[in-house]
Novice: 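There's a structure below that I have some questions on.
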2 protein chains.
Amino acid sequence: MKKYLNLLSKSEIFRGIKEDEILTMLNCLSGKIRKYKKGEYIFTVGDRVSSVALILEGSVHIQKEDYWGNLSILNKMSEGDTFGEAYSVLSSNKAENNAVAVADSLILYLDLKKILTVCSSLCSFHNQLIMNTYTVLSAKNVSLTQKIGYLSQRTTREKLFSYLSDQSIKAKSTSFTIPFNRQQLADFLAVDRSAMCSELSKMQKDGIISYNKNNFILKDI
Amino acid sequence: MKKYLNLLSKSEIFRGIKEDEILTMLNCLSGKIRKYKKGEYIFTVGDRVSSVALILEGSVHIQKEDYWGNLSILNKMSEGDTFGEAYSVLSSNKAENNAVAVADSLILYLDLKKILTVCSSLCSFHNQLIMNTYTVLSAKNVSLTQKIGYLSQRTTREKLFSYLSDQSIKAKSTSFTIPFNRQQLADFLAVDRSAMCSELSKMQKDGIISYNKNNFILKDI
DNA sequence: TCACCTTTGTTGTTTTTACAACATATTTTC
DNA sequence: GAAAATATGTTGTAAAAACAACAAAGGTGA
């Protein structure tokens, strides 16, 4: 476990808490670890989820597969990120989508109710932990809302442009790298990959953007 | 304030907390009240938001207006609901969308940091309040994710069908009432109103659904 | 390096949507 | 209860997307 203390101390959920404090807390929060192979499902729709999952190694996609097999990636998580926090406090704590390991992964499970309930021993950093946990969920909320912003655009070009604009703002530069390949980006924006590719070409021809692999540059208009 | 105690005790955020306890807490949480006229903006993009807003009277839409004037309704809130919780703990606590009163409204503001930080006097119900606040945000998270599910559908028919299916499941009946008029539903699903109307007609002709005003019935297929 | 596999890009066809313009209801207000 | 305002439904047309099928580029491993 000590191997991951550095990672944990850099994670959002343990931000501002010292490594030795984290170690104490882990017992208190009944932390358990499990391994997953690449491609393995961590939970699927309908599973009961009662803890927060924190990624120690690997990476995970939260995704939904519909009736007709269309896949949409709802979120892409990597080391230090948490997922599943939303379900564990709701009365019906059933997962509404799938979490799948996209690389061999190691997951730390923490009991969310214990996080949110101040313990009798009142660890000095418990307030910080509560605040952090809430902040993580808030940030997720904001990013879901952002995604809704992209999906609410009517045309593929508008979807692409609103997404790329945001990435550019995030990177504080007109030049930036996106964390998706073409198929993943198409799934994220809920459009057809080939149509998206050809739209990207057109946007480049029109001088709005230029790109090479996952590197994009927004042009002045 | 006492006038609203009944409403507050029924709200998600004060669930399980007795009316006299709530009254004590309100002082502790520095609750402030403000009135808004129908159509008035409660906050707009970029505004600094540092408290949770709870609707005592009226109703509020969280919405985004894009560059070209397209409106998308992100959420529709009514009495007892809260909004703005996500921004207030984030380091850049700037609103990323607009909150507008769609009826004359009365809003109670609560200091979120005070909610999440256990006070020195340690009110007995503070743990419950923390849990509730987290639950509210979680529920919002789940519903944003659901909306992403609808928006990720490719055709208007699929969007409508996935939304109506969920409403039906929620109502535990094939017959149910939706909380949107046509324009609002179109904005919510990010499609053109008239195109949506005609798609609804087609779906009715095809015997998939039937409807009258905001009442819908899903047909067996 | 060569065969194989994965990713990305291109093109044409069919389906669906946005948009506009208008008709018909329904609700509100005076 | 009539007029005005708002909401809903309909239709045709132009634009855009999905889909399919394939070409080209890039990576990977034997």
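The chains referred to below are lettered A, B, ... by the order of the sequence lines, with proteins before strands, and numbering in each begins at 1.
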Novice: Can you tell which of D/dT8, C/dT17, D/dA18 lies closest to the side chain of A/Val191?
Specialist: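 Taking heavy atoms from C-beta onward, the closest nucleotide is D/dA18.
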Novice: Whole angstroms only, please: what is the CZ-P distance between A/Phe161 and D/dA16?
Specialist: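 The distance from CZ of A/Phe161 to P of D/dA16 comes to 16 Å, rounded to the nearest Å.
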Novice: Expressed as a whole number of angstroms, how long is the span from A/Leu160:CG to D/dA17:C1'?
Specialist: 13 Å
Novice: Can you check the A/Lys202 NZ to C/dG12 C1' distance for me, whole Å?
Specialist: 12 Å
Novice: Measure the distance from CZ on B/Arg157 to C1' on C/dT17 and round it to the nearest whole Å.
Specialist: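 About 14 Å, once rounded to whole Å.
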Novice: What string of B, S and - do you get for nucleotides 9-14 of chain D, 5' to 3', if B is base contact, S is sugar-phosphate-only contact and - is no contact with any protein heavy atom under 4.0 Å?
Specialist: BBB---
Novice: Of all the nucleotides listed (D/dT8, C/dT17, C/dT7), which has the minimum atom distance to the side chain of A/Asn181?
Specialist: C/dT7
Novice: Would you say A/Leu8 and A/Ile13 make side-chain contact, with heavy atoms under 4.5 Å?
Specialist: no
Novice: Using modelled atom types only, decide if a donor and an acceptor are shared between the side chain of B/Ser162 and the backbone of B/Glu158 within a distance under 3.5 Å.
Specialist: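 Checking the backbone N and O of B/Glu158 against the side chain of B/Ser162, a donor-acceptor pair under 3.5 Å is found.
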Novice: Hey, does A/Lys76 have a side-chain heavy atom less than 4.5 Å from the side chain of A/Ser59?
Specialist: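 Not touching, per the 4.5 Å side-chain cut-off.
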Novice: Taking atom P of C/dT24 as reference, at what distance in whole Å does atom CG of B/Asn212 sit?
Specialist: 19 Å
Novice: Heavy atoms under 4.0 Å, any strand shown: does B/Asp192 hit a base, just sugar-phosphate, or nothing?
Specialist: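 Counting heavy atoms under 4.0 Å across all strands, the contact made by B/Asp192 includes a base.
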Novice: Using side-chain heavy atoms (C-beta onward) and a distance below 4.5 Å, is B/Arg182 in contact with B/Leu200?
Specialist: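 Yes. Closest side-chain heavy atoms under 4.5 Å.
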Novice: For a 4.5 angstrom cut-off between non-hydrogen side-chain atoms, does A/Asn214 reach A/Leu185?
Specialist: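 Side chain of A/Asn214 against side chain of A/Leu185, heavy atoms only: no contact under 4.5 Å found.
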Novice: Separation of A/Asn214 atom CG from D/dG26 atom P, in whole Å?
Specialist: 14 Å
Novice: Taking B/Glu40 first and then B/Arg34, would you say they form a salt bridge - that is, a charged N and a carboxylate O separated by under 4.0 Å?
Specialist: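 A salt bridge links B/Glu40 with B/Arg34.
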Novice: Charged N to carboxylate O under 4.0 angstrom, A/Lys140 versus A/Glu12?
Specialist: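 So A/Lys140 does not pair with A/Glu12 through a salt bridge.
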Novice: Using whole Å, report how far CD of B/Gln184 lies from P of D/dT8.
Specialist: 8 Å
Novice: For B/Phe180 and D/dA7, give me the distance from atom CZ to atom P, rounded to whole Å.
Specialist: 15 Å
